[in-house]
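What you see is a predicted model; the values in this text were computed from it and never measured.
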Amino acid sequence: MKRTLPIFAVLLVLLAAIALANPFFLEPAGFLAFVKRAAPLVILAAGQYFVIVSGEFDLSVGSLVTAEVVIAARLIDGNEAATWPVLALLIGFGLLVGLVNGVVTTLLRVPSFITTLGMLLILTGAVFLWTGGAPRGALSQAFRVFGRDTLWAVLILLAVGVAAVLLMRADFGRTLIATGDNERAAALSGVRVNGVRILAFVISGLAAAIAGILLGGFAGVSAQVGQGLEFSAITAVVLGGVVLGGGRGSVVAAMAGAFTLEALFTLLNLYGISGALEFTVQGVIIIAAVAAGAVRLPWKFTPRKGDAHVAS
């Protein structure tokens, strides 16, 4: 609990600073508009949390978000009647990508960094090949309402948040933490390590699909809509105190980290500081988090050669 308190303190300070710079932020409409903008990143961070706390990484979520938006625009092409079938397809596609990432990482024993980096390149290349760099088609109004309408965005965010918390309080959450903390001990205790990690990747893919639906409605169709979001999600998770390497961290704090990152970017924008600085900030946060984790957890189990990827 003590580990999660700093991120909430930082978030409150940033929100207060935004309110001082822009009094409209204190009004319900202003604050809810901020929540709507932050919702896609918060959802991505929640999904990324499950993967990171299990001891893995998912670098494919940004390209998956872009693919979701491009596919939706091409298949719907302004046809309102196609909205719901395409939404179902997008959710299924996100689940499939997560499943492939999980299976390749666990059963084929390819490091998740390589697996998801490869998936990032595959999706990026496929989107470019399909669109020629200029996405075609158009999203229907029924599709865009999820990202444009503040109420819908907030409700979806709340639903994802509640589901994430309930998952971590269930048996799955405990086995996920155990897997990330000490894979070998978890396997010897009867935990299906491979199954747990595959499900974590599937959840991450689902979160990316939902984030893509919201971003498509909010930002429209673009071949760069998800660019860099994988790094923003990882930054948000480590900012929330989740240990890279797995086994430690709260999903609520990870989502708070995403809100904090969005608040920081909002504040920088209000003071006219270049948006290019966002990448610098994320880099500093990731390096600092890894360094802090190494100092705080020198005793953390380090698998010997042959210990990794114990079969479930």
Side-chain angles (χ1 to χ4, degrees), residues 33-45 47-48 58-80 82-83 85-94 96-98 116-117 119-150 152-153 156-157 160 204-236 258 261-262 265-266 268-269 274-279 281-282:
F34 165 76
V35 173
K36 180 178 73 172
R37 289 196 309 273
L41 179 57
V42 176
I43 292 171
L44 275 180
Q48 188 73 235
D58 189 352
L59 299 179
S60 67
V61 292
S63 57
L64 178 54
V65 165
T66 300
E68 295 275 350
V69 175
V70 170
I71 290 171
R74 187 73 175 271
L75 296 182
I76 293 176
D77 200 17
N79 180 11
E80 298 288 339
T83 299
V86 170
L87 282 172
L89 176 64
L90 296 181
I91 295 297
F93 183 63
L96 177 62
V97 170
T116 57
L117 178 60
M119 182 61 74
L120 180 156
L121 296 174
I122 290 170
L123 292 174
T124 301
V127 166
F128 184 81
L129 181 64
W130 198 23
T131 65
R136 287 169 283 176
L139 298 172
S140 63
Q141 292 303 312
F143 184 99
R144 299 204 66 176
V145 70
F146 295 108
R148 278 182 170 177
D149 187 83
T150 301
W152 267 112
I156 291 172
L157 175 59
V160 170
S204 181
L206 174 61
I210 296 172
I213 291 169
L214 292 182
L215 275 172
F218 178 74
V221 183
S222 168
Q224 289 82 37
V225 66
Q227 187 174 18
L229 282 178
E230 59 278 357
F231 300 113
S232 296
I234 293 173
T235 304
L261 198 61
E262 185 66 31
F265 294 158
T266 299
L268 292 176
N269 184 60
S274 172
L277 190 61
E278 293 180 4
F279 294 103
V281 171
Q282 292 179 57

How long is the span from the [atom1] atom in [X] to the [atom2] atom in [Y], to the nearest 0.5 Å?
| X | Y | atom1 | atom2 | result |
| --- | --- | --- | --- | --- |
| Leu121 | Ser60 | CG | OG | 10.5 Å |
| Glu262 | Thr266 | CD | OG1 | 4.5 Å |
| Leu214 | Lys36 | CG | NZ | 10.5 Å |
| Thr66 | Ile71 | OG1 | CD1 | 10.5 Å |
| Leu117 | Ile122 | CG | CD1 | 10.0 Å |
| Leu59 | Leu64 | CG | CG | 13.0 Å |

For the residue pair [X] and [Y], what are the closest heavy atoms and their distance?
| X | Y | result |
| --- | --- | --- |
| Leu215 | Pro40 | CG-CB, 3.7 Å |
| Ala45 | Ala236 | CB-CB, 4.0 Å |
| Gly216 | Leu139 | O-CD1, 3.4 Å |
| Ala73 | Val221 | CB-CG2, 3.5 Å |
| Ala209 | Glu68 | CB-OE2, 3.6 Å |
| Ala72 | Leu90 | CB-CD1, 3.7 Å |

Please list every donor-acceptor pair under 3.5 Å in which a side-chain atom of residues 140-148 meets a protein atom from a residue at least two apart or in another chain.
residue	atom	partner	partner atom	Å
Ser140	OG	Thr83	OG1	2.5
Ser140	OG	Phe143	N	3.2
Gln141	OE1	Arg148	NH1	3.3
Arg144	NE	Gly217	O	3.2
Arg144	NH2	Gly217	O	3.1

**Request:** Please step through side-chain contact (heavy atoms from CB on, under 4.5 Å) for the pair Phe265 and Leu261, ending with a clear verdict.
**Result:** CA-CA 6 Å; Phe265 294 158; Leu261 198 61; 3.7 Å; yes
**Asked** Above 12 or not: heavy atoms from other molecules or residues under 6.0 Å from CD of Gln227?
**Response**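 Incorrect, the count does not exceed 12.
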Quick one: does [X]'s side chain get under 4.5 Å of [Y]'s, heavy atoms only?
| X | Y | result |
| --- | --- | --- |
| Ser232 | Gln282 | yes |
| Ile213 | Ile156 | no |
| Ile91 | Ile210 | yes |

**Request:** Please answer whether the main-chain N or O of Trp130 pairs with a side-chain N or O of Arg136 as donor and acceptor at a distance below 3.5 Å.
**Result:**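 Such a contact is found between Arg136 side chain and Trp130 backbone.
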**Prompt:** Could you walk me through whether Val61 and Thr116 pass the side-chain contact (heavy atoms from CB on, under 4.5 Å) check?
**Reply:** CA-CA 8 Å; Val61 292; Thr116 57; over 6 Å; no
